[in-house]
Amino acid sequence: MNASPLCALATVWPSGRAHINHMYFARSGLFDIVWISDPDSRHSRNLLTNASAAVTIFDSHQSWGRSDRGIQLFGTAGSVSGASARQAERAYASRFPSYDASDSYPVYRFRPRQVKLFYERVLGGGTLVTARVSREGLAWLRTEVWA
């Protein structure tokens, strides 16, 4: 999850249409993702009406035909406050030291329920491993091989 400082966040418009946004993020805890954002942005407004979200993280410097790696996460997201916001801000500031917590933008947290991992150097080409996320960690669900 540290392969890139950017991730892509997918949210859903109230009409059901998909929306995607790239953003800087930090990891909080095992798989939670946190970010700051303008509450008037499309993805922030989408999360007010539908918390369903997905995130993908990968190193954009990978070359086609070589071993790739990345992670896809599926779950829910929304703004946080209180102790959760302070914890998220600490994680964000740790990853981005120039972040100023006095910025007026709210803090958001994504909580995955499921992850899909590809790491071809370790798992083999075209192999995707899907796992459920719980407080105890990951529980394997299935392995798919496409190559």
Side-chain angles (χ1 to χ4, degrees), residues 1-64 66-123 127-144:
M1 289 180 66
N2 293 326
S4 174
L6 292 168
C7 70
L9 169 72
T11 59
V12 182
W13 284 60
S15 65
R17 198 169 85 187
H19 174 77
I20 194 158
N21 176 71
H22 62 275
M23 63 193 182
Y24 289 96
F25 77 96
R27 190 168 92 193
S28 178
L30 191 57
F31 289 102
D32 287 1
I33 293 171
V34 297
W35 69 94
I36 57 171
S37 191
D38 185 336
D40 290 327
S41 66
R42 169 50 50 198
H43 59 275
S44 296
R45 292 190 329 249
N46 287 348
L47 291 172
L48 287 174
T49 59
N50 186 341
S52 181
V55 171
T56 188
I57 305 165
F58 60 94
D59 179 357
S60 64
H61 297 95
Q62 296 177 92
S63 298
W64 186 87
R66 296 193 180 162
S67 294
D68 293 325
R69 68 183 177 141
I71 189 168
Q72 301 166 353
L73 305 105
F74 307 89
T76 57
S79 63
V80 292
S81 60
S84 295
R86 288 189 295 279
Q87 177 186 12
E89 285 178 327
R90 282 192 300 274
Y92 199 84
S94 177
R95 185 154 197 202
F96 304 107
S98 62
Y99 166 65
D100 182 359
S102 68
D103 287 343
S104 60
Y105 288 141
V107 180
Y108 292 80
R109 178 178 61 203
F110 171 84
R111 286 223 148 135
R113 290 188 189 120
Q114 195 175 89
V115 300
K116 191 177 279 192
L117 173 72
F118 64 99
Y119 195 176
E120 292 181 327
R121 189 173 46 163
V122 174
L123 301 171
T127 302
L128 299 170
V129 173
T130 303
R132 183 178 63 252
V133 179
S134 71
R135 290 179 189 254
E136 292 77 37
L138 298 176
W140 176 85
L141 291 173
R142 69 183 159 279
T143 300
E144 302 166 83

Next on the checklist: Test side chain to side chain contact (heavy atoms under 4.5 Å, CB included) on Thr127 and Thr143; report intermediate values, then the result.
Outcome noted: CA-CA 7 Å; Thr127 302; Thr143 300; 3.7 Å; yes
Checklist entry - Could you walk me through whether Leu9 and Trp35 pass the side chain to side chain contact (heavy atoms under 4.5 Å, CB included) check? => result CA-CA 11 Å; Leu9 169 72; Trp35 69 94; 3.7 Å; yes
Next on the checklist: The test is side chain to side chain contact (heavy atoms under 4.5 Å, CB included); show your working for Val129 and Trp140 and say whether it passes.
Outcome noted: CA-CA 8 Å; Val129 173; Trp140 176 85; 3.8 Å; yes
Checklist entry - Yes or no on side chain to side chain contact (heavy atoms under 4.5 Å, CB included) for Val107 and Val80, after CA distance, side-chain angles and deciding distance? => result CA-CA 6 Å; Val107 180; Val80 292; 4.0 Å; yes
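For the atom pair CZ of Arg27 and CG of Asp32, the computed distance is 10.0 Å after rounding to the nearest 0.5 Å. Taking CD1 of Ile33 as the start and CG of Leu73 as the end, the distance is 5.0 Å to the nearest 0.5 Å. One distance of note links CZ of Arg111 with OG of Ser28; it measures 8.0 Å at 0.5 Å rounding. Distance check: Tyr24 OH to Ser4 OG gives 8.5 Å after rounding to the nearest 0.5 Å. Atoms CZ and CG, from Arg42 and Asn21 in turn, are 11.5 Å apart once rounded to the nearest 0.5 Å. Note: Ile57 CD1 to Gln72 CD = 10.5 Å, rounded to the nearest 0.5 Å.
Closest of all the heavy-atom pairs between Ala26 and Ala91 is CB-O, 3.5 Å. Of all non-hydrogen atoms in Phe74 and Ala54, the two that sit nearest each other are CD2-CB, 3.9 Å. Pairing each heavy atom of Pro112 with each of Val133, the nearest pair is O-CB, 3.6 Å. Minimum interatomic distance between Ser52 and Leu47 (heavy atoms only, all atoms of both residues): O-CD2, 4.3 Å. When all heavy atoms of Leu117 and Leu123 are compared, the closest pair comes out as O-CD1, 4.1 Å. Between Leu30 and Gly137, the closest heavy-atom pair is CD2-CA, 3.8 Å.
Within 6.0 Å of OH on Tyr99 lie more than 12 heavy atoms contributed by other residues, nucleotides or ligands. Around atom OH of Tyr105, no more than 12 heavy atoms belonging to other residues, nucleotides or ligands sit under 6.0 Å away. No more than 12 heavy-atom neighbours from other residues, nucleotides or ligands sit within 6.0 angstrom of CZ on Arg132. Remark: Arg121 CZ is loosely packed, at most 12 non-hydrogen atoms of other residues, nucleotides or ligands lying under 6.0 Å away.
With a 4.5 Å cut-off on side-chain heavy atoms, Val115 and Leu138 count as touching. Using a 4.5 Å heavy-atom cutoff, the side chains of Thr130 and Leu141 are in contact. Put simply, the side chain of Asn50 does not reach to within 4.5 Å of the side chain of Pro14, judged on heavy atoms. With contacts defined as side-chain heavy-atom distances shorter than 4.5 Å, the pair Met23/Ser37 does not qualify.
Between the side chain of Thr56 and the main chain of Ile71, a donor-acceptor pair closer than 3.5 Å is present. At distances below 3.5 Å, at least one donor-acceptor pair connects side-chain atoms of Arg45 with backbone N or O atoms of Asp40. Between the side chain of Ser44 and the main chain of Asp38, a donor-acceptor pair closer than 3.5 Å is present.
Both the sub-6.0 Å distance and the 45° axial angle are satisfied by Arg95 relative to the ring of Phe25.
Checked by atom type, the side-chain pair Arg90/Tyr92 shows no donor-acceptor distance below 3.5 Å.
Between His43 and His19, the ring planes lie parallel to each other; the angle is under 30°, not in the 30° to 60° tilted range.
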